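Everything numeric here is computed off the predicted structure, so don't read it as measured data. Chain identifiers are assigned alphabetically (A, B, ...) following the order of the sequence lines, protein sequences preceding nucleic acid strands; residue numbering begins at 1 within each chain.
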Amino acid sequence: MSHSENTPRNFIRTIIDHDIRSGKNGKRVATRFPPEPNGYLHIGHAKSICLNFGIAEDYSGSCNLRFDDTNPARESQEFIDAIRQDIEWLGFTWNGLCQASNYFEQLYGYAEELIEKGLAYVDSQSAEDIRTHRGTLTETGKDSPDRDRAIDENLEVFRGMRAGEYADGEWVLRAKIDMQSPNINMRDPILYRIRRLFHHNTGDAWCIYPMYDFTHCISDAIESITHSLCTLEFEDHRPLYDWVLDHISIDCHPQQIEFSRLEMLYTVTSKRKLSQLVVHDHVDGWDDPRMPTVSGMRRRGFTAASIRDFCARAGVAKSQNRMQMSELENSVRWDLENKAPRVMAVLDPIKVVITNWPEDRCDEMECPNHPKIPELGTRIVPFTRELYIDREDFMEDPPSKYFRLKPGGTVRLKYGYIIDYQDVVRDENGMVVEIHCSYDPATRSGQDNSGRKVKGVIQWVSATHGITAPVRMYDRLFTRPLPADGKEGREFTDYLNPESLILKPNAVMESSLASANPEDRFQFERLGYFVADRHDSKAGAPVFNRIVSLRDSWGKLEQQHGA
RNA sequence: UGGGAUGUCGCCAAGCUGGUUAAGGCACCGGGUUUUGAUCCCGGCAUUCGCAGGUUCGAGUCCUGCCAUCCCAGCCA
């Protein structure tokens with residue numbers, strides 16, 4: 001697959017173009033996507049995936065998937081498996097499947113090299129002491145008392161650390177750089193810590209684990225990465241990235257380039273917060289259809305193509321940004337408009353009785369599966385005396401310009417007949433439970449010679465042939481555009497949208513939908529795009545998720561005029 | 001009284017080394033088509049590039065000074 005046709009220019013591609021022109025890296029392009037397996041991928045990761053894999057594709061280069069698994073305290077195989085699945089589902093193929101933990105032996109060797117060069121030392125200070133010696137944002141740090149230990153002593157202790165001779169936290173290995181540096185990352189950063197933890201890949205082979213700053217740059221170099229793309233918060237780490245590679249014997253020095261992370265309004269994208277939503281049961285799991293995770297969006301019904309399209313539209317730059325939900329919604333509408341077969345469903349049914357239609361008559365209406373793509377074929381939908389229409393499509397006291405069914409009104413049942421309002425039946429509370437109409441035999445869809453024109457066209461389902469299936473109507477997870485801005489001293493969970501999930505238990509739809517397979521997507525005419533839930537749908541008993549509504553200029557009008 | 005970054009239309013975002021009327025997408029506003037108030041089509045939508053000065057024949061693009069926002073003080077990544 002190629003993304004070049006809809007991939008806009010960005011500053012990273014400009015840099016790569018220059019590098020290729022100047023012959024840098026032998027005109028080779030190699031990227032990598034380096035997630036830590038401590039959570040599920042979200043829309044922000046999707047952007048990074050599209051960037052890294054997209055560049056590899058467009059420049060005939062390569063892109064590795066590399067798990068940055070240097071902290072066994074929070075990583076697990078479950079996350080590794082989920083991340084692999086998500087990337088494959090998004091439609092990308094990695095060249096190498098790598099793990100930083102596979103480089104532990106080499107990493108250890110480079111650490112000894114730094115010690116031998118007098119550029120790293122073991123420190124016995126407590127975590128607390130190291131913190132206070134580090135200084136603050138405005139005050140420089142102070143050297144550790146252990147800073148000038150002899151090289152062979154450093155080596156001996158470091159080997160002892162590896163051999164398990166010391167307790168967790170007793171020693172750390174630090175780079176000897178500059179405690180006076182205005183960049184805190186350069187104030188003798190920690191390279192290794194002792195952690196007696198089982199690692200999902202290396203098991204109990206190691207009791208010392210390397211830190212990110214030491215691991216990441218070397219992993220990139222080992223894999224001969226040319227362009228190491230990461231988000232803006234690592235900008236301050238670039239001097240350290242370069243320092244490590246400049247001081248060890250490795251003949252590759254990738255270029256780190258930072259871009260801004262993708263943020264969205266009305267949701268959160270931080271693993272910590274997403275994890276909190278899951279752990280505290282605010283949602284149904286990492287793949288809850290309201291989650292901005294890749295697996296959540298997949299379950300909601302978003303297509304991989306629509307997510308890729310969205311990321312392309314978002315672009316790549318360095319300014320802080322918050323994308324609007326409408327942009328994401330638009331991407332999936334754009335994709336599904338030309339793919340999803342149309343079908344009729346009624347979410348909140350109200351019965352319509354066609355009084356001049358014989359009790360046992362059933363007309364077979366031929367309905368196109370798509371208004372513009374005849375190749376998608378047609379289907380037969382039964383038209384009977386008793387039908388359901390949506391409650392919303394009938395109003396007793398409608399505002400002006402309401403052109404659906406109303407007292408004295410006329411409406412076309414799509415692909416059926418034009419019907420005229422006659423009467424209404426109420427229950428003991430005065431609630432309308434049935435609408436009586438007459439149909440006009442001369443207006444059968446496709447054979448209409450009546451000359452009648454009606455403005456309103458609504459969908460319907462035969463009361464005797466339709467099936468019932470639960471439909472979940474999803475909406476944004478939060479009520480505020482910036483739920484986590486900390487304003488008003490509130491937690492982001494205080495702004496969860498109580499209406500982010502509304503169940504329509506009585507939805508009625510064409511019987512053909514009974515055989516919908518998990519992940520089959522449809523447009524329910526006039527309502528939106530829906531998907532058969534990939535987990536909850538059973539054979540013959542589908543459960544539908546609303547992916548996104550159709551654009552609704554009537555609803556907009558209604559809101560504006562407070563109708 | 002530290003360091004690093006960013007500020008171009010409501011939201012994204014092009015704009016290479018300064019040179020005709022400041023791309024494009026989303027949103028929005030008109031109009032047309034339409035048996036989805038959908039889609040589609042057509043038109044509109046920044047005298048101005050955070051602000052103030054300066055250099056220049058000419059600056060969003062160069063210089064100076066302000067202002068605003070974001071990131072950094074994990075033995076996390």
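- Side-chain nitrogen and oxygen atoms of A:T215 include none within less than 4.0 Å of the OP1 or OP2 phosphate oxygen of B:A77.
- Under 3.5 Å, the side chain of A:N183 and the base of B:G4 form no donor-acceptor pair of N or O atoms.
- Residues A:E78 and A:Y40 have side chains that bring a donor and an acceptor to within less than 3.5 angstrom of each other.
- Near-neighbour residues of RNA chain B inside residues 36-46 of chain A, defined by a heavy atom below 4.0 Å, number-ordered: A:E36.
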For this session: Decide salt bridge (Lys or Arg N to Asp or Glu O under 4.0 Å) for A:D146 and A:R174; before the verdict, give the C-alpha distance in whole Å, the side-chain angles of both, and the deciding distance to 0.1 Å.
Result: CA-CA 10 Å; A:D146 287 4; A:R174 294 231 258 169; over 6 Å; no

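- When the C1' atom is used for both B:C75 and B:C11, the distance is 41 Å, rounded to whole Å.
- Checking B:A77, B:U35, B:U36 against every side-chain atom of A:R412, the shortest atom distance belongs to B:U35.
- Between A:D188 atom CG and B:A73 atom C1' there is a gap of 14 Å when expressed in whole angstrom units.
- Glycosidic conformation at B:G31 (O4'-C1'-N9-C4 for purines, O4'-C1'-N1-C2 for pyrimidines): anti, more than 90° from 0.
- Between A:F524 and A:F544, the two ring planes are perpendicular [angle over 60°; tilted spans 30° to 60°].
- For A:F259 and B:C71, the CZ to P distance is 17 Å, given to the nearest whole Å.
- Using Watson-Crick or G-U wobble geometry with both donor-acceptor distances under 3.5 Å, B:G2 finds its partner in B:C72.
- For B:G60, there is no paired base (Watson-Crick or G-U wobble, both distances below 3.5 Å).
- B:G37 and B:U33: their P atoms are spaced 15 Å apart (whole Å).
- B:G19 and B:A27 are spaced 33 Å apart, taking the C1' atom of each and rounding to whole Å.
- Rounded to a whole Å, the CD1 atom of A:I190 is 18 Å from the P atom of B:C72.
- Looking at heavy atoms from C-beta onward, A:Y108 lies in side-chain contact with A:F158 at the 4.5 angstrom threshold.
- Checked by distance alone, A:Q523 brings a side-chain donor or acceptor within 3.5 Å of a matching partner on the base of B:U36.
- Taking only side-chain nitrogens and oxygens, A:S331 never comes nearer than 4.0 Å to OP1 or OP2 of B:C26.
- The C1' atoms of B:C40 and B:U61 are separated by 39 Å, rounded to the nearest whole Å.
- Side chain of A:D420 to main chain of A:Y439: no donor-acceptor pair is present (N/O by atom type, distance under 3.5 Å, no hydrogens or angles).
- Taking the C1' atom of each, B:U21 and B:C49 are spaced 16 Å apart, rounded to whole Å.
- Heavy-atom neighbours of A:E263 CD from other residues, nucleotides or ligands within 6.0 Å: above the threshold of 12.
- Rounded to whole Å, the C1' atom of B:G60 lies 10 Å from the corresponding atom of B:G18.
- Contacts of A:K271 classified as salt bridge (Lys or Arg N to Asp or Glu O under 4.0 Å), with partners at least two apart in sequence or in another chain: none.
- Between A:Y209 and A:Y192, the distance separating the two ring centers is not shorter than 6.0 angstrom.
- At a threshold of 4.0 angstrom between heavy atoms, the contacts of A:K455 with the nucleic acid are absent.
- Remark: A:R193 is in phosphate contact with B:A77, judged by side-chain N or O atoms under 4.0 Å from OP1 or OP2.
- Counting any heavy atom pair closer than 4.0 Å across all strands shown, A:K372 reaches a base atom.
- Annotation: side chain to side chain contact (heavy atoms under 4.5 Å, CB included) contacts of A:R476 (sequence neighbours excluded): A:Y266, A:M325, A:N497.
- Within the nucleic acid shown, A:R333 has no heavy atom closer than 4.0 Å to any nucleic acid atom.
- Taking a pair to require two hydrogen-bonding distances under 3.5 Å in either a Watson-Crick or a G-U wobble arrangement, B:G37 remains unpaired.
- The separation between A:W554 atom CH2 and B:U39 atom P is 17 Å, rounded to whole Å.
- From A:M365, atom CE reaches atom OH of A:Y417 across 5.0 Å, with rounding to the nearest 0.5 Å.
- Base pairing analysis places B:U47 opposite nothing; no Watson-Crick or G-U wobble pair with both distances below 3.5 Å involves it.
- Separation of the P atoms belonging to B:C12 and B:G50 is 15 Å when rounded to the nearest angstrom.
- What separates CZ of A:R261 from P of B:C72 is a distance of 10 Å, to the nearest Å.
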For this session: Go along nucleotides 9-19 of chain B 5' to 3' and tag each nucleotide: B for a protein heavy atom under 4.0 Å from its base, S when only backbone or sugar atoms are that close, - otherwise.
Result: -BSSSS-----

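- A heavy atom lying under 4.0 Å from RNA chain B marks the following residues of residues 125-138 of chain A, by number: A:Q125, A:S126, A:A127, A:I130, A:R131, A:R134, A:G135, A:T136, A:L137, A:T138.
- As a whole-Å value, the separation of A:F403 CZ from B:U36 C1' is 11 Å.
- If you check every strand for non-hydrogen atoms under 4.0 Å, A:Y209 touches nothing.
- Here the closest non-hydrogen pair linking A:A100 and A:D68 is CB-OD1, 4.0 Å.
- Using a 4.0 Å cut-off between charged nitrogen and carboxylate oxygen, A:E337 and A:R342 count as a salt-bridge pair.
- Comparing A:H237 and A:G416 by the nucleotide of RNA chain B that holds the closest heavy atom to each, the one mapping nearer the 5' end is A:G416.
- Between A:H42 and A:H45, the two ring planes are tilted [angle within 30° to 60°].
- Between A:N330 and B:G25 there is no side-chain polar atom (N or O) within less than 4.0 angstrom of OP1 or OP2.
- Applying the 4.0 Å criterion to OP1 and OP2 of B:G37, one finds that A:R526 has a side-chain N or O inside that range.
- In this structure A:D236 satisfies the salt bridge (Lys or Arg N to Asp or Glu O under 4.0 Å) test with no other residue, sequence neighbours excluded.
- Regarding A:D552, its CG atom lies at a distance of 14 Å from the P atom of B:A27, rounded to whole Å.
- Regarding A:F310, its CZ atom lies at a distance of 14 Å from the C1' atom of B:A27, rounded to whole Å.
- Across all non-hydrogen atoms, the minimal contact from A:F214 to A:L107 is CE2-O, 3.4 Å.
- Projected onto RNA chain B by closest heavy-atom contact, A:P371 and A:Y192 fall at different nucleotides, the more 5' of which corresponds to A:P371.
- Contact annotation: the side chain of A:V294 never approaches that of A:I49 to less than 4.5 Å [non-hydrogen atoms, C-beta and beyond].
- Not a single donor-acceptor contact under 3.5 angstrom links the side-chain atoms of A:R551 to the base of B:U39.
- Here, B:C67 and B:U39 have their C1' atoms 46 Å apart, quoted to the whole Å.
- Side-chain proximity of A:L232 to B:A5, B:C75, B:G3: nearest is B:A5.
- Of the candidates B:C72, B:A5, B:U36, the closest approach to any side-chain atom of A:V457 belongs to B:U36.
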